[in-house]
Amino acid sequence: MKAEEHCNESAEKTSKQTAFCKPCKRQWAKCGTDPAKNGPKSFHGGANTSEALTQSQDGCLTASLTSEPRVKDFGQLNPDEKMKMLETTRQAKVLVLTMVYRDGTTQLDPEQKLTLPVCGLLVLMKSDLSCGTPEDSLGPNDSLVYLKLEHTPAWAQQQTHPSPELFTRDMLLQVLTGSQLVVCYKAKDLLRSVLQVYRRELNWKRVAGCHIQDPQVSAWLLDPTDPSSCFQDLLNKHCRRPHTTPALGAQKVSQIISGLCWLYRLNMKLCSQLQSQGLWKLYSDMELNMIPVLAAMESHRIHVDKEALKKTSDLLGTKMKQLEKEAHQAAGQIFLVTSSTQLRTVLFEKLRLHERCENKKLPKTINKQQQSTSEAALLLLQDLHPLPKIILEYRQVHKIKSTFVDGILSCMMCKNYISSTWHQTSAVTGRISAKHPNFQALPRQPLQITKKQYVQGKEEEVVTVHPRAMFIPHEGWTFLAADFCQVELRLLAHLSSDPELLRIFTSPQADVFTMLASQWKGVREDEVTSEDREHAKRIVYSVVYGAGRERLSGILGVSTEQARLFQDSFLQTYRDVQAFIQRTIQQSHKQGYVLSIMGRRRNLPNINSPDWSIRMQAERQAVNFVVQGSAADLCKMAMIRIFNLVSSSSSLSARLIAQLHDELLYEVEDSHLEQFAALVKSTMESLQRIDHLGVHLKVPLKVAVSSGKSWGSMSELNIPLTFPSP
DNA sequence: CCAAGGACGCTACG
DNA sequence: CGTAGCGTCC
């Protein structure tokens, strides 16, 4: 562990000096190679050789802030004053926070760059809950503290006891985990920064209990489709207030302070709306508890085999060149293989392939109603000409290379680890999403590449490329995955109370989709082919998602008519599922919104639209939301429960790596594997009942656990039915 | 002439 | 259904 950290640091230092790093084309690269452009980073401890540089850019706002008479600079206080300040903080009724970045912006400013280096934290301490008479100014007993949030490496710290660094840490802990009301816009970013800056001296478990209110989250919960993208937008929408213009220096400081006052008012406004809309419990018990979970997940470093990625990138590059050549030969001309426009010209204007398959309905593009070159279309054309197959393979390889190999490499820059950014408020269904890289979209199946050997090659070498296999646990640790089996289908059974569907889940053992296929096709279970089973699976989800016949036929590779028959026969077999769908649509028409199992809400403004297609879309969204949103509720609750168990235990050490909607991926110490697997499984399955949220599922939940020394090679783990509690 | 940004197409995941 | 992300084209 230590050796590796040292390794990383020295890697970062040397990379700054060498000018040989490739320039990063992607704007979301975590650490820039150009100090002049991106500014030196305050994260990760290392290299303070360029201290002079750091002062020039960011010193300005910090100086203005700390010279403002109302703002106390915590770092400048003597130990006695610091103790007093800690006490004052404890006594305050409300704390309102914002991070201050080195470029002079705060979290309240519109649109800041990603992973901006932080320099401090401004805290408004209110002694009472009132909003203050002049709306943007301080009350008589309110005070402001500035906390420097930059890491001083251990070797540079003064030898006083206790060290100033730890005083600041304790103040931060007081601020973040105090029992009073704490408000911060984008609280997760703050928590993550604190965990990163104090990586060595602050255990992630200590932020577990923190309950910071966040208007970004509350506003999203009130209306998950609302596009309000920054603090200003939110204020404009929910609060009446005077017009403001950007300012500099002391003016800017005043604006930040009044921003904090407005932040408090906004928070109160949104909280009362949450209460009146019946969303308070969901907010307080679920969404707020997600914040530390996500912050801890983001601050964890996931080790990646960078060298293997680079080799794979080259390999795929060669393969793509070969395929490109083949495509040009097959087409009889040179064209841009990545361009669907040019491919359309070749396939349908030059080769006129659509004229040779008039019996099949070729898909059209959504917006312009042109001939599509999508996978579904190429599959229909593949027997007529060699080109479609080549393009299909090219696209597969290209997707893997661009998104999952080069994409991940560009996320790593000078490091050999990654941490995705997790978003709580970007999905209308209540799911979370990931970026840089998008951990939730890494291919499940490995890709087979046949490598042509030019040097005296008779035998063709077959290489398998699997991006997931590049993710490696730290030494002495193992990945553990816990998967909610068929959550959506189980929820559909619960929501519809369909007796046949319920029976599938209540009867012990047996494969769900096999049973389903047998019930619905009317054959014995041992007569169900793997194809039948796969069909059953896809049909189920097409029903859940409300996919049309077109989409289903595309996925299944059967005619539209056949797809319709499949769907109809499914809904005939499970009549109460159909009834549930109709009931949900009816409700959404009457109320204008739908609710998930834990009371998550989606407004459907288009549900009564005169436009048929718009209205139908809203109806599909309604049904989809109830199922998908409920599944999201369960999965998030699982993350929170397990997080709280681990962080309140002194022996447990497992860390959450990623959430793949219905699957949780952990990194566990080798010796803890079995115990933790049992804990995870039983915790997740126990969510069948959540009394305080009124959840009591009519179906049991089933969780499958697997483990492995890379994410690409996970094998199922057998866990005894019950486990002894420690 | 170029650059940046939006619309569109395609495809990973669930 | 609905996320992210890569790529062209205008």
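Reminder, nothing fancy here: chain letters follow the sequence lines and each chain counts from 1.
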Q.
Going by the rule side chain to side chain donor-acceptor pair (under 3.5 Å), which residues pair with A:Thr429 if we only count those two or more places apart in sequence or in a different chain?
A. A:Gln628
Q. Which distance, rounded to the nearest 0.5 Å, do you find between the NE2 of A:His535 and the OG of A:Ser530?
A. 9.5 Å
Q: Could you grab the distance from atom CD of A:Gln440 to atom CD1 of A:Ile432, nearest 0.5 Å is fine?
A: 6.0 Å
[N] [atom2] sits how many Å from [X] [atom1], rounded?
{"X": "A:Lys537", "N": "B:dG14", "atom1": "NZ", "atom2": "C1'", "result": "11 Å"}
{"X": "A:His436", "N": "B:dC13", "atom1": "NE2", "atom2": "P", "result": "19 Å"}
{"X": "A:Gln396", "N": "B:dC10", "atom1": "CD", "atom2": "C1'", "result": "13 Å"}
{"X": "A:Gln445", "N": "B:dT11", "atom1": "CD", "atom2": "P", "result": "17 Å"}
{"X": "A:Leu362", "N": "B:dG9", "atom1": "CG", "atom2": "C1'", "result": "17 Å"}
{"X": "A:Glu375", "N": "C:dG7", "atom1": "CD", "atom2": "P", "result": "19 Å"}
{"X": "A:Lys368", "N": "B:dC10", "atom1": "NZ", "atom2": "P", "result": "12 Å"}
{"X": "A:Ile408", "N": "C:dC6", "atom1": "CD1", "atom2": "P", "result": "11 Å"}

Q: Decide yes or no on salt bridge (charged side-chain N to carboxylate O under 4.0 Å, His left out) for A:Glu326 and A:Lys389, but give the supporting numbers first.
A: CA-CA 11 Å; A:Glu326 287 180 37; A:Lys389 264 187 186 152; over 6 Å; no
Q.
What residues from residues 624-633 of chain A pass a heavy-atom cutoff of under 4.0 Å to DNA chain C?
A. A:Asn624, A:Gln628
Q: Give me the residues of residues 338-351 of chain A where at least one heavy atom lies under 4.0 Å from an atom of DNA chain C, by number, or none.
A: A:Thr338, A:Ser339, A:Thr341, A:Gln342
Q.
Test of understanding: with ring-ring contact (aromatic ring centres under 6.0 Å, His included), list the residues that count as partners of A:Phe404, not counting sequence neighbours.
A. none
Detail all sub-3.5 Å separations between protein N/O atoms and N/O atoms belonging to nucleotides 3-5 of chain B.
none

Does a side-chain N or O of [X] approach OP1 or OP2 of [N] to a distance below 4.0 Å, or not?
{"X": "A:Gln617", "N": "C:dC1", "answer": "yes"}
{"X": "A:Arg620", "N": "C:dC1", "answer": "yes"}
{"X": "A:Gln621", "N": "C:dG2", "answer": "yes"}

Q: Might you confirm whether atom CD of A:Gln586 has over 12 heavy atoms from other residues, nucleotides or ligands at distances under 6.0 Å?
A: no
Q | Within 6.0 Å of NZ in A:Lys702, more than 12 heavy atoms from elsewhere | A | no
Between [options], spot the one nearest the side chain of [X], thanks.
{"X": "A:Ser402", "options": "C:dA4, C:dC6, B:dG9", "result": "C:dC6"}
{"X": "A:Ser426", "options": "B:dT11, C:dT3, B:dC10", "result": "C:dT3"}
{"X": "A:Arg395", "options": "B:dC10, C:dG7, B:dC8", "result": "B:dC10"}
{"X": "A:Ser433", "options": "C:dA4, B:dA12, B:dG14", "result": "C:dA4"}
{"X": "A:Asn438", "options": "B:dG9, C:dG2, C:dG5", "result": "C:dG5"}

Q: Can you sort out which residues in residues 585-603 of chain A have a heavy atom within less than 4.0 Å of DNA chain B? Ascending by number, please.
A: none
Which part of the nucleic acid, if any, lies within contact of [X], taking any heavy atom under 4.0 Å across all strands shown: a base, the sugar-phosphate backbone alone, or nothing?
{"X": "A:Leu442", "answer": "sugar-phosphate"}
{"X": "A:His398", "answer": "sugar-phosphate"}
{"X": "A:Glu488", "answer": "nothing"}
{"X": "A:Leu336", "answer": "sugar-phosphate"}

Q) Which pair of non-hydrogen atoms, one from A:Arg490 and one from A:Val699, has the smallest distance, and what is that distance? A) O-CG2, 3.4 Å
Q: Evaluate the criterion salt bridge (charged side-chain N to carboxylate O under 4.0 Å, His left out) for residue pair A:Arg192 and A:Glu298; output intermediate values, then yes/no.
A: CA-CA 7 Å; A:Arg192 184 201 53 226; A:Glu298 281 187 16; 2.6 Å; yes
Q) Parallel, tilted or perpendicular for A:Phe348 and A:His354, by the 30°/60° rule? A) perpendicular
Q) Can the ring centres of A:Tyr283 and A:Trp220 be said to be less than 6.0 Å apart? A) no
**Q.** A:Phe566 ring center within less than 6.0 Å of A:Phe570 ring center
**A.** no
Q. Please walk me through it: do A:Arg564 and A:Asp568 pass salt bridge (charged side-chain N to carboxylate O under 4.0 Å, His left out)?
A. CA-CA 6 Å; A:Arg564 194 184 63 78; A:Asp568 287 354; 2.8 Å; yes
Q) When you look at A:Glu287 and A:Lys636, which way does the salt bridge (charged side-chain N to carboxylate O under 4.0 Å, His left out) test go after all the steps? A) CA-CA 8 Å; A:Glu287 299 303 340; A:Lys636 284 160 100 174; 2.8 Å; yes
Q | Derivation of the ring pair (Phe, Tyr, Trp, His ring centres under 6.0 Å) call for A:Phe471 and A:His303 | A | CA-CA 6 Å; A:Phe471 295 83; A:His303 187 258; 9.9 Å; no
